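As structure tokens, the structure follows; a few thoughts come after it.
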Amino acid sequence: MMMKNKNMFAANLQAVFEGYMDKEEILQLIEVPKQRDHGDLAFPCFTMAQHLRKSPGLIARQAAESMNKESFEKVEAVGPYVNVFLNKQQTANEVIGEIFDKQQDYGASVAGQGEVITIDMSSPNIAKPFSLGHLRSTVIGNSLALLAEKRGYTAVRINHLGDWGTQFGKLIAAYKRWGSKEQVSRDPIKELLALYVRFHHESEAFPELIEEGREWFKKLEDGDSEALQLWKWFREESLQEFNKIYELLGVYFDSTEGEAFFNDKMERIVDVLSAKNLLSKSAGAQVVQLIEAGMPPCLIKKSDGATLYATRDLAAAVYRKERYHFAKSLYVVGNEQSLHFNQLSAVLKKMGYSWWKDIRHISFGMVLKDGKKLSTRKGKVVLLEEVLKESMELASKNIEAKNPDLADKQSVAKSVGVGAVVFHDLKNHRNNDIEFSLKDMLRVEGETGPYVQYTYARACSLLRKGNFQLTGETLVCEEEAWPVVKVLAEFPNTINKAAENDDPSKIAKYVIDLAQEFNKFYANKRILEEGKHKYSRLSLTYAASVVLKEGLRLLGVDSPPEM
RNA sequence: GUCCCAGUAGCUCAGCAGGAUAGAGCAACAGCCUUCUAAGCUGUGGGUCACAGGUUCGAAUCCUGUCUGGGACACCA
């Protein structure tokens, strides 16, 4: 919609500047004024001033005068700018009409029709608590998947569980020394974590423990039945705990093939590397040199012959390409691993896979406490489950205080409590580090999930009370409704920007923006007041509700119709 | 030491394919509910956009350097 207006504006200007500037260039220059009284679109004349060697102010005045103004409400020159005001009535009818027409598909496209995007997300480590870092990966990945689907792609959500590696040797060693079946069964993650922490603590004084852990991992790799059994048990218990969280978050996976799944797929990678003469020995280890790419070498095999993270990820990348034929493969993993992913791409490139450039590391900032990284090894973790629990309790208290007669309080408390935490995680650009603050996460006023949900619930309430029904009559756009219409018109554009930049925060900001504009409208106009504006106001309310709900959905946040 | 990311209001952050007086939210203060959900709305105060150069008619936005913070840098993932 906005694009259409922009095109129209550009076409008109092009006619005026015939021979000096093509439409593409004009489109590039057209901008949205920051201030309301500067209109809806603006063209700065500085560049034209250089072409024509006249003052920008003069050009703006002449352009404003000679332009075809029929399709706009007003065209005026202000200083060096040509400002246009769109036809509010027509635009409102077009925008809201389109939303009525498409409903939740408003903003959808077919850009990715027939293509697959795999998304490596969440990927918690077995036997360790689900941390806030994993929450980030999970909700960012989920939102990117939803955005991809909105644009017609098939999204494959992959939970690459951290279910293999030397830490399991350590864990088994710790369990054998100090663990008990009863305790682990009672509270698996907590107990396993305690064992892991104790192992690290004690191995500072008794370094021989490290060796013991290494031996257990070797046994695990060699298929020792005791080791394998313990490993399976740890994995199973952990997965059950994780599933509770996924259920709360409303996230599902198409694949939970973790690291262990690739154990038998790595030899092939090593063979290819070897056949292509890419492997070299360095201090006993097998590496791929990446000097020409300006990177340190990528470790493929340890000096004891064991494989490494990179080997596994290479195997996983190849496997995913062969299985899913992805057009793009995203890895939602913390930014401290950017070197690893750069190395991964570089090695794939050397292996001759042309799709190396379709691999994309979607990095995100860390969750910090007192400005420092949280460390599992030192037991310094914030448990997501507890955060969610507190948030849901707070939501429950708020409902009790504000709307005690609400039906289905528990499910609303869940939606709002979880929504607050998810939204808080997504509202800022993913690359920012987040200082852990329970207070901020539980906030429900201002730029928060509950604020947006509240706005949606209010809109729903109006629609219920006003018995809103589509009649298709022509709408009247009041002055106060115009800002809402403009934001509504931007939704498709915002979706594209969010998807192109792998940036869900754009959607979060958008939805806040829309809620703010709608709330202003709500404060200024009695929507249910009988009279000639009622249908138009309710229509606007309806359109806003559709877009708020869909925006929240794209973030993985529920929209209860009442709260 | 090398590489990556960041430094905008007291706090959390937008804005950054250059453009008109730098915007929100929180916190503070002052208002608005016998009428559509006050998880809301309105107003006030608060800024040398880290610093220094450069490119440009024009820089928070682009380039270079400096400082500060964080992260990564071989047998963890």
Side-chain angles (χ1 to χ4, degrees), chain A residues 28-29 31 33-35 38 42 44-47 49-50 55-56 78-81 83 123 125 160 162 164-167 170 259 282-287 294-304 306-310 312-313 333-340 342 363 365-366 368 371-373 376-377 395 398-399 401-403 406 416 420 424 427-429 431-435 437 439-440 443-455 457-466 505-506 509 512-513 515-516 519-529 537-538 541 562-563:
Chain A
Q28 293 278 316
L29 287 169
E31 57 189 61
K34 291 189 190 107
Q35 285 176 78
H38 284 153
C45 298
F46 305 99
T47 312
Q50 277 162 359
S55 88
V78 178
Y81 290 86
N83 296 334
S123 311
N125 297 319
H160 190 69
W164 202 253
T166 47
Q167 78 268 24
K170 294 175 185 173
E259 296 176 0
S282 172
Q286 301 271 1
V287 308
M295 277 182 260
C298 180
L299 279 266
I300 301 297
K301 270 193 165 182
K302 298 201 268 190
S303 34
D304 67 1
T307 54
L308 282 129
Y309 185 37
R312 202 170 305 273
D313 265 0
V333 180
N335 58 18
E336 69 268 29
Q337 289 190 39
S338 59
L339 175 61
H340 165 73
N342 285 335
S363 63
M366 291 175 301
L368 306 173
K372 271 172 280 173
K373 193 179 170 180
T376 319
R377 295 187 182 191
N398 279 329
I399 291 167
K402 292 161 204 235
N403 195 358
L406 180 64
V416 175
H424 173 263
K427 79 172 171 185
N428 291 331
H429 187 88
N431 266 126
N432 296 345
D433 286 344
I434 297 181
E435 172 69 26
S437 158
K439 193 169 147 244
D440 282 348
R443 189 158 269 147
V444 299
E445 287 161 9
E447 297 169 335
T448 67
Y451 168 80
V452 180
Q453 290 173 316
Y454 175 74
T455 308
R458 254 180 165 182
C460 288
S461 168
L462 291 167
L463 296 167
R464 272 194 310 273
K465 291 189 174 159
S505 78
K506 292 229 170 8
K509 299 216 171 74
I512 285 171
D513 211 29
Q516 283 176 338
N519 279 325
K520 280 177 203 167
F521 178 71
Y522 178 94
N524 280 317
K525 292 289 169 194
R526 314 230 95 235
I527 290 161
L528 294 180
E529 189 178 73
R537 289 174 185 170
L538 276 173
T541 303
E562 274 182 87
M563 66 184 267

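Sequence lines set the chain letters: A, B, ... in the order given, protein chains first and strands last, and positions in each chain run from 1. None of the values given here were measured: they were computed from a predicted structure. Values reported hereafter were calculated over all heavy atoms of this structure, with side chains retained and with hydrogens, waters and symmetry mates removed.
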Under 3.5 Å: donor-acceptor pair, side chain of A:S363, backbone of A:N335: no
Candidates B:rG40, B:rA39, B:rC76 - which lies nearest the side chain of A:V416: B:rA39
Strand RNA chain B as a dot-bracket string - pairs counted if Watson-Crick or G-U with both distances under 3.5 Å, | where the partner lies in another strand: (((((((..((((.....[...)))).(((((.......))))).....(((((..]....))))))))))))....
Whole-Å P distance, B:rG25 and B:rG45: 15 Å
Sugar-phosphate, base or nothing in reach of A:M563, heavy atoms under 4.0 Å: base
Closest listed nucleotide, where the reference is the side chain of A:H38 and the choices are B:rU21, B:rA77, B:rA39: B:rU21
Sugar-phosphate only, base, or nothing, as touched by A:L462 at under 4.0 Å among non-hydrogen atoms: base
Beyond-backbone contact of A:D313 with A:H340, side-chain heavy atoms, under 4.5 angstrom: yes
Backbone N/O of A:R537 and side chain of A:K525: donor-acceptor pair under 3.5 Å: no
Sugar-phosphate, base or nothing in reach of A:S303, heavy atoms under 4.0 Å: base
A:N431 CG - B:rG15 P separation (whole Å): 12 Å
Nearest to side-chain heavy atoms of A:F46, which nucleotide of B:rG40, B:rC57, B:rA20: B:rC57
Reported CG-to-CD1 distance for the pair A:L462 and A:I527, which is rounded to 0.5 angstrom: 5.0 Å
A:K509 side-chain N/O to A:K427 backbone N/O, donor-acceptor pair under 3.5 Å: yes
Contacts under 3.5 Å, N or O only, protein and nucleotides 8-14 of chain B:
unit_1: B:rC13; atom_1: O3'; unit_2: A:N432; atom_2: ND2; d: 3.2
unit_1: B:rC13; atom_1: O2'; unit_2: A:N428; atom_2: OD1; d: 3.0
unit_1: B:rA14; atom_1: OP1; unit_2: A:H429; atom_2: N; d: 3.3
unit_1: B:rA14; atom_1: OP1; unit_2: A:N432; atom_2: ND2; d: 2.7

Test side chain to side chain contact (heavy atoms under 4.5 Å, CB included) applied to A:N398 and A:N403, step by step: CA-CA 8 Å; A:N398 279 329; A:N403 195 358; over 6 Å; no
Touch class at under 4.0 angstrom, heavy-atom based, for A:K439 against every strand present: nothing
Rounded distance (Å) that lies between atom P of B:rA39 and atom CD1 of A:I512: 18 Å
Separation of B:rG25 P from A:K520 NZ (nearest whole Å): 8 Å
Options B:rA20, B:rG40, B:rA77, nucleotide nearest the side-chain atoms of A:Q337: B:rA77
A:Y451 and A:Q516, any side-chain heavy atoms less than 4.5 Å apart: yes
Touch class at under 4.0 angstrom, heavy-atom based, for A:R312 against every strand present: nothing
Main-chain N/O of A:M366 paired to A:D433 side chain as donor or acceptor, under 3.5 Å: yes
Pairwise C1' distance, B:rU64 and B:rC41 [rounded to whole Å]: 48 Å
Nearest listed nucleotide, side chain of A:K506, among B:rG15, B:rG40, B:rG25: B:rG15
Whichever of A:Q50 and A:P450 has its nearest RNA chain B nucleotide further upstream toward 5': A:P450
Side chains of A:L29 and A:T47 in contact at under 4.5 Å (non-hydrogen atoms): yes
Spatial distance of atom CG (A:L406) from atom CD1 (A:I399) [nearest 0.5 Å]: 5.5 Å
Length of the NZ-P vector between A:K34 and B:rU61, whole Å: 13 Å
Ring centroids of A:H340 and B:rA77 base under 5.5 Å with planes under 30°: no
Atom pair distance, as rounded to whole Å: NE2 in A:H424 and C1' in B:rA39: 17 Å
Residue A:N125, side-chain heavy atoms: nucleotide from B:rA77, B:rC41, B:rA17 that is nearest: B:rA77
Atom-pair distance (OH on A:Y522; C1' on B:rC41), nearest Å: 10 Å
C1' spacing across the pair B:rA60 / B:rG43, given as an integer number of angstrom: 28 Å
Residue whose closest nucleotide on RNA chain B lies nearer the 5' end, A:P33 versus A:G284: A:P33
Minimum-distance nucleotide (side-chain atoms of A:R526 versus B:rU35, B:rA20, B:rG40): B:rU35
Between B:rG40 (C1') and A:I527 (CD1): distance, integer Å: 12 Å
Sugar-phosphate only, base, or nothing, as touched by A:S282 at under 4.0 Å among non-hydrogen atoms: base
Spacing of A:Q35 atom CD relative to B:rA20 atom C1', expressed in whole Å: 7 Å
B:rC33, syn or anti by chi within 90 degrees of zero: syn
Sugar-phosphate, base or nothing in reach of A:A283, heavy atoms under 4.0 Å: base
Which nucleotide in B:rA39, B:rA77, B:rC36 has an atom nearest any side-chain atom of A:E259: B:rA77
Nucleotide nearest A:L299 when distance is taken to its side chain, options B:rA74, B:rC26, B:rA20: B:rA74
